[in-house]
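The basis for the numbers below is simple: all heavy atoms, side chains too, and nothing from hydrogens, waters or symmetry mates. We count ligands from 1, going down the list as the structure has it; atoms in each ligand are counted the same way. For reference, positions follow the sequence shown, starting with 1.
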Amino acid sequence: MNVDLHCHSTASDGALAPTVLVNRAFEHGVRTLALTDHDTLEGQLEARAAAAALGMQWVSGVEMSCTWGGATIHVLGYGFALDAPPLQAAIEQLHHGRWLRAEEIDRKLAIKGMPGALDGARALQMELGDSGNAPARPHFADFLVRAGYVKDRAEAFRKWLGAGKLGDVKQHWPTLEETVATLRRSNAWVSLAHPLHYDFTRSKRRKLVGDFLQAGGHAIEVVNGMQPAEQVGTLSILAREFGLLASAGSDFHGPGAWGEIGAWRPLPEDLPPLWCRFKHEQPSTV
Ligand code: MN
Ligand code: MN
Ligand code: MN
């Protein structure tokens, strides 16, 4: 495909640096690209420069985590100014929340006789290339291995860091409504990422899409990589029913994983693609 509006770099959980990612996208025929790292804009300037050097259309992008109906939901934002104050403030708050979470994991491990986890995890993270972000559970796991408390990463998660274990400290995310409002106030186009990724019933999924539209959303991600064709059909029906624009992308995280950058199933021809709006219009401010 010559458009890709969903991919990740080393600025979040992707394997490739933004420049390498953009070059790879170009080689795979992509000419309009949005880098959508999780809850950060750190890779944007580098991606923009790399895209400009290749004559590609670059669109600013981000994938924000938020809560709705007891689940963590992902919302994509596009076409905003990188210095938009509402988005900058929201990301700063998430960044701060991640550090608080890391400190809490550190305290809990120290009580169990494993001191120095935050410093150790941070040191490991910086060996991988630093981002200024708080270390996450994989970094803590690697610290526990290095310090000899567990034999491998799997054991670290099984005993200390996995779901429901002591180190499984929940991050506080804003609500779907707050996140959509933040993006709208930042003049972004807003799309609901991969609505089928959640373990929802059909009626709950319809409610999610309805609430997203109500909150100010513009589009839903009808195609996420090489998801089965019947899922594209299900999401197309939702897009038509709610009168939403359609977005699409590979959700590429790195080579050798689940698919390639620029690879996603075609969008049904009757659906209005979000990216056709990028050149011509600005979303209205609310
Ligand atoms: Mn990811
Ligand atoms: Mn996602
Ligand atoms: Mn993603």
Exercise. Restricting to N, O or S atoms of E63, which is nearest to the Mn ion (ligand 3)?
Worked result: OE1

Problem set entry | side-chain hydrogen bond (donor to acceptor under 3.5 Å, both in side chains) partner of H194, chosen from E63, E221, Q231 |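 For H194, the side-chain hydrogen bond (donor to acceptor under 3.5 Å, both in side chains) check succeeds only for E63.
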
Exercise. Within less than 2.8 Å of the Mn ion (ligand 1), any N, O or S from H8?
Worked result: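 No, H8 does not qualify, because none of its backbone or side-chain N, O or S atoms lies under 2.8 Å.
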
Problem set entry | Apex the Mn ion (ligand 3) - arms OD1 from D251 and NE2 from H6 - angle rounded to 10° |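 Taking the Mn ion (ligand 3) as the apex, the two atoms subtend 80°.
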
For this session: Can you spot which of F212, F200, W173 makes a ring-ring contact (aromatic ring centres under 6.0 Å, His included) with W68?
Result: F200

Exercise. What N, O or S atom of D13 is found closest to the Mn ion (ligand 1)?
Worked result: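 Checking each N, O and S atom of D13, the shortest distance to the Mn ion (ligand 1) belongs to OD2.
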
Exercise. So does E241 have more than 12 non-hydrogen atoms from other groups sitting under 6.0 Å from CD?
Worked result: yes

Exercise. Are the aromatic rings of H74 and H197 close, with centres under 6.0 Å apart?
Worked result: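 Ring-ring flag for H74/H197: false, centres at least 6.0 Å apart.
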
For this session: Tell me whether the guanidinium CZ or amine NZ of R137 lies under 6.0 angstrom from the six-membered ring centre of F157 and within 45° of its axis.
Result: no

Exercise. Got a sec: is H74 within less than 2.8 Å of the Mn ion (ligand 2) via an N/O/S atom?
Worked result: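 For H74, the answer is yes, given that an N, O or S atom comes within less than 2.8 Å of the Mn ion (ligand 2).
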
